[in-house]
Amino acid sequence: MTEGNAGSASESFTVSLSHAATTAVTVGFATASGSAVAGADFVAATGTITFNPGEVSKVLTVAVLGDTVQEATETYGVTLSAASGATIADGAAVGTILDNDAVTGQPPPATAGFFHTEGNQIVDASGHPVEIAGVNWFGFETATAAPHGLFARSYTAMMDQMKALGFNTIRLPFSDQLLDPSRNAPGGIDYTLNPDLRGLSGLALMDKIVAYAGTIGLKIILDHHRSSAGDGANGGGLWYDQNYGEAKWIENWQMLATHYAGNATVIGADLANEPHGAATWGDGSANDWAAAATRAGNAIQSVNANWLIVVEGTGQGYWWGGDLSGVATRPITLNVANHVVYSPHDYPNSIYGQPWFSEAGFPGNLEQVFDQHWGFIYRQDIAPVLLGEFGSKLADPKDLAWLDRIIRYLDGDFNADGRPDIPAGDKGISWAWWSWNPNSGDTGGILGDDWTTVDQAKIAALRPLLADVSPLSGGL
């Protein structure tokens, strides 16, 4: 609803039973602050709804407060709990408050829960450094059109487990095809375990993931993983393909940025996964990824100035998406400053036997390799770095040596001497492990093949990083 300039107005939420009951049914409800804050933007409410025998629909209302302050679109949550006489199929809703105050032509001010950048740090709206400690949960980008594993468990149980293990962010891959109106409905879902997902489109299912992440304090980075549905990066190495061109890529980003505007759970856009092959950096050609990233970043900021704009590298002599050496001479400059985060990918010997894994100085040579391709961005205070993918099955001894060195590096120990090389109070390099899913053929997952058991060796390896992580502020 649109807010007023003073007083309050009621926003209504309909709570329904699938069919009438012969005895009374009760369910509790409560509001939760998101980017809209109780007491400032709406009046907190809790209570119990009672369905008398024969009744199937009730309406609860939330008072939305008016003001004359120019704001971004804001959201808050309403959740159901403690049902008696029925079970809860869909217990989470999001209220959206649209601003009605004069537009000045300037981007809206930073909203609580969103982040921006200062030097090599990602900071919250109060300027406090934060560290993204993410895990990749893939599936939306594939033919399934849904995060994988929903045939084995509920999405809420898996997300609760992510939070319990210490992750604070999900990097959520998707494809342009997921958003195509002609796309088939998501599959690979056991609806007895996920009854509230039945009949949803891909975007509506994404909304469910985002909404629940907000209720438990996880953040989401949306990752344009590919154009047409499938596995891995686009085969042509560019950010578009023959079915979904660059214009559609930008159009879809603007749609998502508008769709989630004001929702502080979604903090950023990873513009394109693993540019490689013909993709170049800063040469002005038709395949200039730096130029395309600038176009897309500015287009997103024209409708949503709060998001972090996450830019991967190219594959020039390095891992796909991993080479950001071009940033030294051609950084990404957007219309709204202090929102660019650079995001390499880095993998070990078992994925591909890169020459540095066979050099005589291995693993002591790895810090120089990291520095050359992406680490200098953080170390020279140019911008924050988010290592968007790294992972391993931990079966290759060289993988273990690589993992030890890269974890030390991410944690701010750039020469592996056991002492931090960053100022006190600063956060190290942010990261997202690949992957949550056990069905990654290259790396396996945090979970075992039963989609429940945790690979404790991986969690133990990540523990030095997880030990420094705190929950990220913000809500729905």
Side-chain angles (χ1 to χ4, degrees), residues 1 8-34 36-39 41-65 74-97 146-147 149-164 185-218 263 265 450-452 475-476:
M1 66 175 296
S8 65
S10 295
E11 185 162 17
S12 298
F13 296 80
T14 300
V15 184
S16 303
L17 291 177
S18 58
H19 59 273
T22 57
T23 59
V25 173
T26 61
V27 64
F29 71 89
T31 56
S33 293
V37 178
D41 301 303
F42 69 96
V43 178
T46 60
T48 301
I49 297 169
T50 300
F51 295 85
N52 293 317
E55 293 182 327
V56 295
S57 181
K58 291 285 187 177
V59 176
L60 67 88
T61 59
V62 177
V64 174
L65 302 175
E74 297 175 316
T75 59
Y76 63 93
V78 180
T79 57
L80 303 180
S81 63
S84 174
T87 58
I88 297 173
D90 180 0
V94 176
T96 301
I97 304 173
L150 302 185
F151 63 89
R153 297 177 70 190
S154 72
Y155 71 97
T156 57
M158 282 198 282
M159 293 170 69
D160 287 339
Q161 191 176 24
M162 294 174 195
K163 178 71 179 293
I189 302 172
D190 185 334
Y191 292 110
T192 63
L193 300 173
N194 298 277
D196 56 326
L197 303 185
R198 188 183 300 276
L200 298 185
S201 67
L203 180 59
L205 198 161
M206 183 182 287
D207 288 344
K208 286 285 189 178
I209 300 296
V210 169
Y212 192 69
T215 66
I216 64 174
L218 290 174
N263 186 333
T265 298
D450 62 0
W451 286 92
T452 300
L476 280 168

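The model shown is predicted, which means the values in this text are computed figures rather than measured ones.
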With sequence neighbours excluded, tell me which residues meet side-chain contact (heavy atoms from CB on, under 4.5 Å) with Ala21.
-> Val25
Atom pair NZ/OG1 of Lys163 and Thr215 - distance to nearest 0.5 Å = 9.0 Å
Let me have the donor-acceptor pairs involving side chains of residues 54-63, under 3.5 Å, with sequence neighbours excluded, atom names and distances please.
unit_1: Glu55; atom_1: OE1; unit_2: Asn52; atom_2: N; d: 2.8
unit_1: Glu55; atom_1: OE1; unit_2: Lys58; atom_2: NZ; d: 3.2

Any chance you could measure Ser10, atom OG, to Met1, atom CE, to the nearest 0.5 Å?
-> 7.5 Å
Taking C-beta and beyond as the side chain, do Asp41 and Leu65 meet within less than 4.5 Å on heavy atoms?
-> no
Report the residues that fulfil side-chain contact (heavy atoms from CB on, under 4.5 Å) with Thr23, sequence neighbours left out, ordered by chain and then residue number.
-> none
Would you call the rings of Trp451 and Phe151 parallel, tilted or perpendicular, where under 30° means parallel and over 60° means perpendicular?
-> perpendicular
Determine whether Phe29 and Val15 make a side-chain contact, defined as any pair of heavy atoms from C-beta on separated by less than 4.5 Å.
-> no
May I have all residue pairs that pass salt bridge (Lys or Arg N to Asp or Glu O under 4.0 Å) and include part of residues 10-30, sequence neighbours excluded?
-> none
Which atom names give the shortest non-hydrogen contact between Leu218 and Thr265, and what distance separates them?
-> O-CG2, 3.4 Å
By side-chain hydrogen bond (donor to acceptor under 3.5 Å, both in side chains) - contacts of Thr79 (at least two apart) | none
Report, one line per pair, each donor and acceptor closer than 3.5 Å where one atom sits in a side chain of residues 185-211; sequence neighbours left out.
unit_1: Asp190; atom_1: OD1; unit_2: Thr192; atom_2: N; d: 2.9
unit_1: Asp190; atom_1: OD1; unit_2: Thr192; atom_2: OG1; d: 2.4
unit_1: Asp190; atom_1: OD2; unit_2: Thr192; atom_2: OG1; d: 3.4
unit_1: Asn194; atom_1: OD1; unit_2: Tyr155; atom_2: N; d: 2.8
unit_1: Asn194; atom_1: ND2; unit_2: Leu150; atom_2: O; d: 3.1
unit_1: Asn194; atom_1: ND2; unit_2: Arg153; atom_2: O; d: 3.2
unit_1: Asn194; atom_1: ND2; unit_2: Asp190; atom_2: O; d: 3.3
unit_1: Asp196; atom_1: OD2; unit_2: Tyr155; atom_2: OH; d: 2.6
unit_1: Ser201; atom_1: OG; unit_2: Ala204; atom_2: N; d: 3.1
unit_1: Asp207; atom_1: OD1; unit_2: His259; atom_2: NE2; d: 2.8
unit_1: Asp207; atom_1: OD1; unit_2: Tyr260; atom_2: OH; d: 2.7
unit_1: Asp207; atom_1: OD2; unit_2: His259; atom_2: NE2; d: 3.2
unit_1: Lys208; atom_1: NZ; unit_2: Asp90; atom_2: OD1; d: 2.5
unit_1: Lys208; atom_1: NZ; unit_2: Asp90; atom_2: OD2; d: 2.8

Rounded distance [0.5 Å steps], CD1 in Ile216 versus OG1 in Thr156 = 8.5 Å
Flag side-chain contact, heavy atom, 4.5 Å: Asp160 against Tyr212 | yes
Using atom types as modelled and distance alone, determine if a side-chain donor or acceptor of Thr31 lies under 3.5 Å from a backbone N or O of Ala45.
-> yes
